[in-house]
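Whatever order the structure lists them in is the order used to number ligands and atoms, beginning at 1.
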Amino acid sequence: MNLGLNGRVVIVTGAASGIGKQVAVAYAQEGAKLALADINLDGLKKVKKELKGAEVYIEEVDVTNAESCETFIKNVVKKYKKIDVLVNNAGTAKMGDMETFPEKTFRQHAELMMYAPVRLINLCIPHFKKNGWGSVVNTASIFGKQPGGLISYDTIKAADIMITKDYSSYCAPFNVNVNAVCPGPVDTPLWHADGQLGDQLASATGMEKDSAIEWFAKTNIPMGRYAKPEEIASAIVFLSSEPAHYITGVALNVDGGMVKSLL
Ligand code: NAD
């Protein structure tokens with residue numbers, strides 16, 4: 001299938017690691033021109049090195065900072081003259097007790113995973129209108145569809161699905177589709193890095209980190225394993241492709257069968 005992404009200008013946030021990095025790799029394989037944003041500049045430099053042969057622009061961007069986002073979008077347009085695809089992917093997650101979950105952390109998570117995608121969509125819309133074509137994919141989560149016990153994360157990812165739905169209606173008249181992917185647990189540093197979900201799960205269950213991660217997959221995911229980042233990336237790339245352009249307002253589970261609902 002020709003995905004029609006050759007030469008498309010694609011922005012990916014949170015591209016220095018995990019899912020975002022694989023998304024960048026997948027678009028590069030389709031011949032897209034990449035604009036990669038992350039707070040981790042060293043990580044971005046490594047990704048750029050791995051994408052030898054592809055056209056790749058990287059910039060240190062804190063998506064929670066309006067000025068940083070505005071400058072980034074201006075620089076992308078200066079470099080590539082247009083924007084075709086926006087992948088809102090930067091994010092994090094934290095387990096915590098419901099009664100004592102810090103309000104400050106909740107607000108930071110909302111800035112990062114709820115307001116930043118809105119800000120970036122709004123910054124891209126004038127460029128999509130100019131093109132007469134555009135595509136947005138937001139990385140939500142299955143925990144936006146059913147609770148995962150992470151209060152800030154679940155709430156904000158549910159909001160991301162609604163943001164996706166609202167913008168899909170708003171953007172359809174100017175030929176822009178807006179979708180979300182809802183991954184189940186994915187094998188990325190979000191689980192494996194120090195202090196991240198694997199360690200948090202270990203301390204909640206009293207198990208050793210790797211055993212806790214494996215136990216979670218075996219007891220919660222029908223396919224019995226975490227997704228590979230590549231499996232999320234292929235869904236994102238497809239949703240932004242030419243053959244998928246009529247698909248809009250969808251929140252696509254990529255979860256090894258974990259969500260039980262019909263929606
Ligand atoms: P990851 O930690 O490997 O990557 C997240 C990236 O976001 C990092 O490179 C980080 O530097 C970047 N980032 C964080 N704050 C930023 C900021 N303020 N500005 C710019 N960049 C910032 O995590 P991942 O697993 O690849 O997660 C990517 C997305 O997928 C997140 O939105 C996450 O919520 C979502 N998700 C992950 C899973 C999973 O199990 N890993 C499941 C469902 C959804």
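- Counting only heavy atoms of the protein, atom 21 (N) of ligand 1 lies nearest to Ile39 N, 3.4 Å.
- Protein heavy atom at the shortest distance from atom 36 (N) of ligand 1 is Tyr153 OH, 3.2 Å.
- Salt bridge status for Glu231 with Arg225: present, with a side-chain N to carboxylate O gap under 4.0 Å.
- The contact set between ligand 1 and Gly14, taken as ligand atoms under 4.0 Å from a residue heavy atom, comprises 6 (C), 7 (O), 12 (C).
- Aromatic pair Phe128/Trp133: ring centres not closer than 6.0 Å.
- From the protein, the heavy atom lying nearest to atom 23 (O) of ligand 1 is Leu190 CB, 3.6 Å.
- Residue contact annotation: Ala93 has no non-hydrogen atom under 4.0 Å from ligand 1.
- Looking at Thr188, Val254, Val23, it is Thr188 that brings a heavy atom closest to atom 24 (P) of ligand 1.
- Contact annotation: for Gln196 versus ligand 1, there are no heavy atoms closer than 4.0 Å.
- For Ala93 against His109, the heavy-atom pair with the smallest separation is C-CE1, 4.4 Å.
- Near Pro185, meaning under 4.0 Å from one of its heavy atoms, ligand 1 places the atoms 40 (O).
- Less than 4.0 angstrom separates some heavy atom of Gly91 from each of these atoms of ligand 1: 5 (C), 7 (O), 31 (C), 32 (O).
- With hydrogens left out, the protein atom closest to atom 31 (C) of ligand 1 is Asn89 O, 3.2 Å, a heavy atom.
- Residue-level proximity to ligand 1 for Ile19 is carried by backbone and side chain together, each with a heavy atom below 4.0 angstrom.
- Taking the six-membered ring for Trp and thresholds of 30 and 60 degrees, Trp191 and Tyr226 have ring planes more than 60 degrees apart, a perpendicular arrangement.
- Summary of contacts: the protein heavy atom closest to atom 11 (O) of ligand 1 is Asp38 OD1, 2.6 Å.
- Taking atom 30 (O) of ligand 1 as the reference point, the nearest protein heavy-atom neighbour is Thr139 CG2, 3.2 Å.
- Counting heavy atoms under 4.0 Å from ligand 1, residue Tyr226 does not touch it at all.
- Under 4.0 angstrom from ligand 1, the non-hydrogen atoms of Leu112 all belong to its side chain.
- Atoms of ligand 1 lying under 4.0 Å from any heavy atom of Gly184, numbered from 1 in the order shown and given with element: 40 (O), 42 (C), 43 (C).
- Nearest protein heavy-atom neighbour of atom 3 (O) of ligand 1: Ser17 OG, 2.6 Å.
- Evaluated by nearest non-hydrogen atom to atom 19 (N) of ligand 1, the leading choice among Ile142, Val186, Val63 is Val63.
- A cation-pi arrangement is not found for Lys33 relative to Tyr80, the charged atom failing to lie both closer than 6.0 Å to the ring centre and inside a 45° cone about the ring normal.
- Closest of all the heavy-atom pairs between Leu34 and Ala28 is CD1-CB, 3.9 Å.
- For the pair Glu242 and Arg8, the salt-bridge criterion is met [side-chain N within less than 4.0 Å of a carboxylate O].
- Residue contacts with ligand 1, taken as heavy atom pairs separated by less than 4.0 Å, do not involve Phe143 at all.
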### Task
Under the salt bridge (Lys or Arg N to Asp or Glu O under 4.0 Å) rule, what do Lys228 and Asp187 come out as? Steps first, then yes or no, please.
CA-CA 6 Å; Lys228 297 179 207 131; Asp187 209 355; over 6 Å; no
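- Ion pairing of Arg107 with Glu103 is present here, as a side-chain N (NZ or NE/NH1/NH2) and a carboxylate O approach within less than 4.0 Å.
- In this structure a side-chain-to-backbone donor-acceptor pair under 3.5 Å is present from Asn179 to Val250.
- When only non-hydrogen protein atoms are considered, atom 18 (N) of ligand 1 lies nearest to Asp62 OD1, 2.8 Å.
- Proximity of a side-chain donor or acceptor of Ser168 to a complementary backbone N or O of Val178 within less than 3.5 Å is not detected.
- At a 4.0 Å heavy-atom cut-off, ligand 1 touches Ala140 through the backbone alone.
- A side-chain contact (heavy atoms from CB on, under 4.5 Å) with Asn138 holds for exactly one of Ile161, Val181, Ile121; it is Ile121.
- Considering backbone and side-chain N/O atoms, Ser141 never comes within less than 3.5 Å of an N/O atom of ligand 1.
- For OH of Tyr170, the number of neighbouring non-hydrogen atoms (other residues, nucleotides, ligands) closer than 6.0 Å is 12 at most.
- For Lys157, the heavy-atom gap to ligand 1 drops under 4.0 angstrom.
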